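Shown next, in structure tokens, is the structure this report addresses.
Proteins come first, then strands; the chains are lettered A, B, ... in the order of their sequence lines, and each starts at number 1. Note that this is a predicted model, so its numbers are computed, not measured.
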Number of protein chains: 2
Amino acid sequence: MEKTSDDERDPDLVAVTEGTEAATELTRPSGLDRDRILQAAIGFIDEHGLAALTMRRLGAALGVEAMALYRYVPGREDLLDGVVDTVVESLFDDDDVHLEHAIGWQDHLMRLAHGVRRIALAHPAVFPLVASRPPAAPWVRPPLRSLRMVESFLRTLCDSGFSDQAAVAAYRAYSSFLLGHLLLEVTQIGAQVSLLDQPEGDAEAQRATDLTDYPALMRTEPLLSQDKSAAEFEDALENLLDRLERVLHEAKNSDDGSVLDL
Amino acid sequence: MEKTSDDERDPDLVAVTEGTEAATELTRPSGLDRDRILQAAIGFIDEHGLAALTMRRLGAALGVEAMALYRYVPGREDLLDGVVDTVVESLFDDDDVHLEHAIGWQDHLMRLAHGVRRIALAHPAVFPLVASRPPAAPWVRPPLRSLRMVESFLRTLCDSGFSDQAAVAAYRAYSSFLLGHLLLEVTQIGAQVSLLDQPEGDAEAQRATDLTDYPALMRTEPLLSQDKSAAEFEDALENLLDRLERVLHEAKNSDDGSVLDL
DNA sequence: ACCTGAACACCGTTCAAGT
DNA sequence: ACCTGAACACCGTTCAAGT
């Protein structure tokens, strides 16, 4: 038992931090700028988790004292905002997305969904930040956090015959779907490693928190432990697109009580 | 400009903290226990936000030094886990939920959904914690965080004719739906107040982050600012229940490519 | 039995001083 | 121009000491 007051897993952490510093050594000659700091922060979070990210440790990872960062970043909160922006904007560099080549609004929404999912899976430790940082405007709904993304979403739907109301309703349904699915998917990824992190002897002991009082859980535990995220994502996405299509084609009879087309 | 290094809004915070201490004065005579601490933590988060919750400040709110808390709570992380558990379990005290009185699985799922939504709206600042804390087992999907809740969910569906696989798939779809909708709903609540928090003169200036480059956004901004959360929640819930019902009744023809009933 | 003071190892952030 | 040392106000946490 060490008497450090850090979060759970110190010794390991210190070791890896030093490793990171050594790795950055080559590009080091004072080349410090905002973008390099943001990239380093993303890498650090991916490797050690959000809780481990500290101005001092990030500085160390860049071969510099923490105070040097303040020349390029106003503070820790802004740094996190920058991390989120960088990760989200990276969607536009994804060649497999290229929204402007989309054929029809369904294709557009599918490309966008898959692009955001790739981002989430590439940075599972960053994604919760994408989900929880207060957005730029109250009507910006994570994970579609950039005005550019929302604009292109709404424009596509409106150009395809959706009314403004229907497009906005679709935007809300779509963002809820993405956030729910992807946040749970990355949470599950994180849960795996945190199980292995636990120092309590063999992994057998942890496996199943004694389910004797929960017969249905015990019976379905093997099923619950199977990962079907990809297929479920496709399924839910398809279902949402069907729902939106129904709205679009039923646009003539106005008052049928659904929010989606009011 | 003060030179405190706290988060955004100190002077105000200190004031309210002192107020809280005074208010607790009556029940004070040393009555400190785990439950009272958890309740105080929930109240503190509701009032000042998660970022403001500190062992020292929570102690102060209870009229005690921070170190006294460690007799009842192993540490800050456990305290947050306790907060989440307490809030989630409070569902079973909600008389409007009473799952055992539910008539049919649809009614069960609707009662559960509305109960969780009431919790989220009652503690909007706590809910992100419900969403993001690593769950007890990898297959526990927020916001349905207690084994009891998952057990009763699965049992209800299985008793209603769902296969184990279909019940598990339904559990996944249902949790994704709840998490996405409710997290976005409480985020929006938080976004309102953080706008008012900003000290930049009149609220007119903030309103709309200059949308000149985003015509679709500018045109639909009034629509985007309307809050239709409740109706959208009902709509999406109804849609999900329909989808599950389809799965249940199409259970005979097995391989139709959907995950929901494989 | 229950709380506190003092201490320790960390934080974020500022700023004068170094190069 | 760019980075650092030293300092400040905070953290979480431990533990011997008080009552």
Side-chain angles (χ1 to χ4, degrees), chain A residues 1-14 17-18 21 24-25 27-37 40-41 44-45 48-83, chain B residues 1-14 17-18 21 24-25 27-37 40-41 44-45 48-83:
Chain A
M1 295 255 190
E2 299 290 56
K3 45 181 157 181
T4 56
S5 69
D6 208 4
D7 30 290
E8 298 81 57
R9 56 229 178 299
D10 311 3
D12 165 34
L13 215 185
V14 175
T17 300
E18 283 162 359
E21 181 184 352
T24 344
E25 204 96 13
T27 50
R28 175 119 71 92
S30 86
L32 204 56
D33 61 30
R34 184 178 158 89
D35 209 72
R36 213 158 88 74
I37 292 175
F44 194 99
I45 296 172
H48 311 296
L50 180 58
L53 181 69
T54 263
M55 296 301 278
R56 293 171 130 108
R57 293 212 270 245
L58 181 58
L62 284 161
V64 105
E65 298 298 320
M67 308 83 192
L69 303 176
Y70 286 88
R71 200 155 285 272
Y72 307 94
V73 167
R76 186 176 191 263
E77 293 299 298
D78 305 79
L79 194 163
L80 294 182
D81 284 338
V83 163
Chain B
M1 295 257 190
E2 300 289 57
K3 45 181 153 180
T4 56
S5 69
D6 207 6
D7 29 290
E8 298 79 58
R9 54 231 180 298
D10 310 5
D12 166 33
L13 215 185
V14 174
T17 300
E18 284 162 358
E21 180 184 353
T24 343
E25 205 99 14
T27 50
R28 174 115 74 90
S30 84
L32 206 54
D33 61 29
R34 184 177 158 88
D35 210 72
R36 215 160 86 75
I37 292 174
F44 194 98
I45 295 172
H48 311 296
L50 180 57
L53 181 69
T54 263
M55 296 301 278
R56 294 171 129 107
R57 292 210 271 244
L58 180 57
L62 283 160
V64 104
E65 298 299 317
M67 309 82 191
L69 303 177
Y70 287 87
R71 201 155 284 273
Y72 308 94
V73 168
R76 186 177 192 262
E77 293 299 298
D78 305 78
L79 193 162
L80 294 181
D81 284 338
V83 162

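Paired with Tyr72(A) under the rule side chain to side chain contact (heavy atoms under 4.5 Å, CB included), one option of Leu79(A), Asp35(A), Leu32(A) passes, and it is Leu32(A).
Rounding to whole angstrom units, CG of residue Leu62(A) and P of dC3(D) are separated by 10 Å. To the nearest angstrom, P of dT14(C) lies 13 Å from CG of Leu69(A). Met55(B) has its CE atom 18 Å from the P atom of dC11(C), to the nearest Å. To the nearest angstrom, P of dG12(D) lies 8 Å from CG of Leu53(B). Rounded to an integer number of Å, the gap from CG of Leu58(B) to P of dT13(D) is 12 Å. Atoms OH (Tyr70(B)) and P (dA17(D)) sit 21 Å apart, rounded to a whole Å. In this structure, CD1 of Ile37(B) is placed 12 Å from P of dC2(C), rounded to the nearest angstrom.
With rounding to the nearest 0.5 Å, the separation of CG in Leu69(A) from CZ in Arg76(A) is 12.0 Å. Here Tyr70(A) contributes atom OH and Ile37(A) contributes atom CD1; the two are 11.0 Å apart, rounded to the nearest 0.5 Å. Taking OG1 of Thr54(A) as the reference point, atom NE2 of His48(A) lies at 11.5 Å (rounded to 0.5 Å). Interatomic distance, CE of Met67(B) versus CZ of Arg56(B), reported as 5.0 Å (0.5 Å rounding).
When all heavy atoms are compared, the tightest approach of Phe44(B) to Ala61(B) is CD1-CB, 4.2 Å. Residues Leu62(B) and Ala40(B) share a closest heavy-atom pair of CD2-CB, 3.7 Å. Across every non-hydrogen atom of Met55(A) and Ala66(A), the tightest pair is O-CB, 3.5 Å.
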Legend entry - Nucleotide-level pairing of DNA chain C, given in dot-bracket where Watson-Crick and G-U pairs need both distances under 3.5 Å and | marks other strands: ||.|||||...|||||.||
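At the phosphate of dC3(C), OP1 or OP2 sits under 4.0 Å from a side-chain N or O atom of Tyr72(B). Look at Arg57(B) and you'll find a side-chain N or O under 4.0 angstrom from OP1 or OP2 of dC11(D). Side-chain nitrogen and oxygen atoms of Thr54(A) include none within less than 4.0 Å of the OP1 or OP2 phosphate oxygen of dC10(C).
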Enumerate all atom pairs, one protein N or O and one N or O from nucleotides 4-7 of chain C, separated by less than 3.5 Å.
unit_1: dT4(C); atom_1: OP2; unit_2: Glu65(B); atom_2: N; d: 2.8

